[in-house]
Protein chains: 2
Amino acid sequence: MALEHAILVSLREQSATGYDLARRFDASIGYFWRASHQQIYRTLTRMAADGWVEGATEHRDGATDRTTYAITTAGRAELERFSATPSPREPLRSDFAVKLRGLLDTEAAIADAQARRADHQARLDTYEASAKRYYPDPSALSEDDRGPYLALRGGILLEQAGIAWCDEILGQLDRSER
Amino acid sequence: MALEHAILVSLREQSATGYDLARRFDASIGYFWRASHQQIYRTLTRMAADGWVEGATEHRDGATDRTTYAITTAGRAELERFSATPSPREPLRSDFAVKLRGLLDTEAAIADAQARRADHQARLDTYEASAKRYYPDPSALSEDDRGPYLALRGGILLEQAGIAWCDEILGQLDRSER
DNA sequence: AAAACCATGTAACTAGTTACATGATTAA
DNA sequence: TTAATCATGTAACTAGTTACATGGTTTT
């Protein structure tokens with residue numbers, strides 16, 4: 001399970017509250033692993049019990065208590081163990097491909113493909129802006145940047161493939177629709 | 001949830017036992033939606049209760065009873081409803097990308113990328129063989145073949161993107177390793 | 001004779017989603 | 001003064017995984 005590991009990766013970069021993590025999971029690390037705040041709080045509690053993270057609670061008058069989590073030595077060890085373990089391939093589950101496979105409603109499929117294309121394009125734009133901003137010269141990356149850069153490249157390649165797929169679908173279905 | 005719909009798509013093509021479906025989920029429809037036999041039997045029971053499929057049980061002396069499921073009118077209606085509903089984008093969850101993002105062990109990452117590349121290549125070979133066999137002339141597809149062909153094309157494009165990603169990773173990490 | 005395949009499940013567990021809930025602080 | 005943001009959760013539910021279980025039939 002990688003939610004724990006995604007959290008560890010993020011906390012290694014910078015300690016954070018559950019709330020901070022939830023926001024990071026809306027971008028950066030969240031490009032590769034989705035998680036809701038409910039899940040994050042639940043998982044942080046378990047990780048603290050396991051000793052992978054340590055929470056420091058700050059009482060603030062008026063405002064809600066705030067717990068900032070930091071990665072522990074055991075957490076770092078776990079990340080190293082994870083890092084050395086081959087990752088299983090993610091099981092593929094695509095509503096859209098299932099729908100295409102059983103194609104019944106061409107017009108709906110066209111609308112769907114158009115919406116997906118726009119979504120892919122929007123993400124691609126985000127990723128490319130990130131790449132340009134943080135890694136302007138990929139041939140001269142610092143050691144710390146290589147991993148994040150390559151992860152981002154994966155996102156870019158996947159979005160591009162998604163766009164190419166939508167274009168093929170639209171090409172085929174639009175033509176046969178007329 | 002698309003497991004029900006993947007089952008309906010498959011049963012619409014041909015009625016089947018749970019066992020048959022489980023095997024189909026190792027190939028064809030399973031290229032786009034993974035499911036274990038346990039999940040399939042459980043889901044078929046619920047779908048029968050919902051009236052989307054109908055099971056006919058055959059008692060065979062000596063051998064285990066066998067229930068063959070067929071899609072019902074209600075099941076077809078549900079498939080049409082599904083077909084007309086925009087599909088949400090699948091939430092992205094990649095162990096491998098998380099690992100890359102927090103890159104700690106370059107050698108392990110290289111090994112991982114090599115294994116993934118081989119896996120992508122193997123699937124790509126399978127998909128391309130399927131495409132060649134069943135849809136030798138994509139410019140002249142029958143109406144029934146358009147959906148399955150386009151779904152397969154999605155698989156092909158995704159695997160190609162996966163291979164390209166692995167190659168970039170290996171290019172970067174191999175170079176910096178030496 | 002052993003292995004693979006046919007055929008169907010139960011049980012316990014882990015992961016993820018959806019809905020609901022609370023209450024302060026800061027920016028428009 | 002209204003909306004957005006900060007901050008944290010509980011509860012109920014749905015989906016998926018892992019381990020275990022049974023027993024006949026066909027192929028090597």
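Note that the structure is predicted; figures quoted are calculated from it, not measured. So you know, we letter chains A, B, ... as the sequences are listed, proteins then strands, and number each from 1.
Rounded to whole Å, the distance from CG on B:Leu21 to C1' on C:dG9 is 15 Å. Distance OH (B:Tyr69) to C1' (C:dA7): 11 Å, rounded to an integer number of Å. As a whole-Å value, the separation of B:Arg66 CZ from C:dA7 P is 5 Å. Between A:Glu58 atom CD and C:dT25 atom P the separation is 14 Å, expressed in whole Å. Note: NE2 (A:His59) to C1' (D:dT8) measures 14 Å, nearest angstrom. Rounded to whole angstrom, the span from the CG atom of B:Asp65 across to the C1' atom of D:dG24 amounts to 12 Å.
Taking 4.0 Å as the cut-off between side-chain N and carboxylate O, B:Asp119 and B:Arg123 count as a salt-bridged pair. Salt bridge status for A:Arg146 with B:Glu168: absent, with no side-chain N to carboxylate O gap under 4.0 Å. Looking at B:Arg60 and B:Asp65, no side-chain N of the basic residue comes within less than 4.0 Å of a carboxylate O on the acidic one, giving no salt bridge. Using a 4.0 Å cut-off between charged nitrogen and carboxylate oxygen, A:Glu90 and B:Arg116 count as a salt-bridge pair. Ion pairing between B:Glu13 and B:Arg24 fails under the 4.0 Å rule for side-chain N and carboxylate O.
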Please tabulate the protein-to-nucleotide N/O contacts below 3.5 Å involving nucleotides 26-28 of chain C, giving atom names and distances.
none

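Counting heavy atoms from C-beta on, the side chains of B:Thr126 and B:Tyr31 come closer than 4.5 Å. Between A:Arg66 and A:Thr57, every side-chain heavy-atom pair lies at or beyond the 4.5 Å cut-off. In this structure, A:Pro138 and A:Tyr149 have side chains that are in contact, with non-hydrogen atoms separated by less than 4.5 Å. The closest side-chain heavy-atom distance from A:Arg34 to A:Asp26 is below 4.5 Å. Using a 4.5 Å cut-off on side-chain heavy atoms (C-beta onward), A:Trp52 and A:Ile71 make no contact. Side-chain contact between B:Phe82 and A:Lys99: present, with at least one pair of heavy atoms (C-beta onward) separated by less than 4.5 Å. Proximity of A:Leu44 to A:Thr67: side-chain heavy atoms (C-beta onward) are nowhere separated by under 4.5 Å.
Contacts between residues 9-18 of chain B and DNA chain C, defined by a heavy-atom separation under 4.0 Å, are made by B:Thr17, B:Gly18. Residues from residues 26-47 of chain A placing a heavy atom under 4.0 Å of any atom in DNA chain D, listed by number, are A:His37, A:Gln38, A:Tyr41. Taking every heavy atom of residues 81-95 of chain A and every atom of DNA chain C, no pair lies under 4.0 Å.
At least one side-chain nitrogen or oxygen of A:Arg60 sits closer than 4.0 Å to the OP1 or OP2 atom of D:dA7. Distances shorter than 4.0 Å separate some side-chain N or O of B:Tyr19 from OP1 or OP2 on C:dC6.
Side-chain contact annotation: A:Glu78 with A:His5, donor-acceptor N/O pair under 3.5 Å present.
Below 30°, between 30° and 60°, or above 60°: for B:Phe32 and B:Tyr127 the angle between ring planes is between 30° and 60°, a tilted geometry.
Here B:Ala131 pairs with B:Leu152, B:Ile156 under the side-chain contact (heavy atoms from CB on, under 4.5 Å) rule; sequence neighbours left out.
At a threshold of 4.5 Å between side-chain heavy atoms, the hydrophobic network of Ile, Leu, Val, Met, Phe, Trp and Tyr places A:Ile110 and A:Trp165 in one connected group.
Across the helix from C:dA1-D:dT28 to C:dA28-D:dT1, the helix axis at one end is tilted relative to the axis at the other end by 50° (nearest 10 degrees, each axis from five pairs).
For the pair A:Leu3 and A:Ala63, both in contact range of DNA chain C, the more 5′-proximal nearest nucleotide belongs to A:Leu3.
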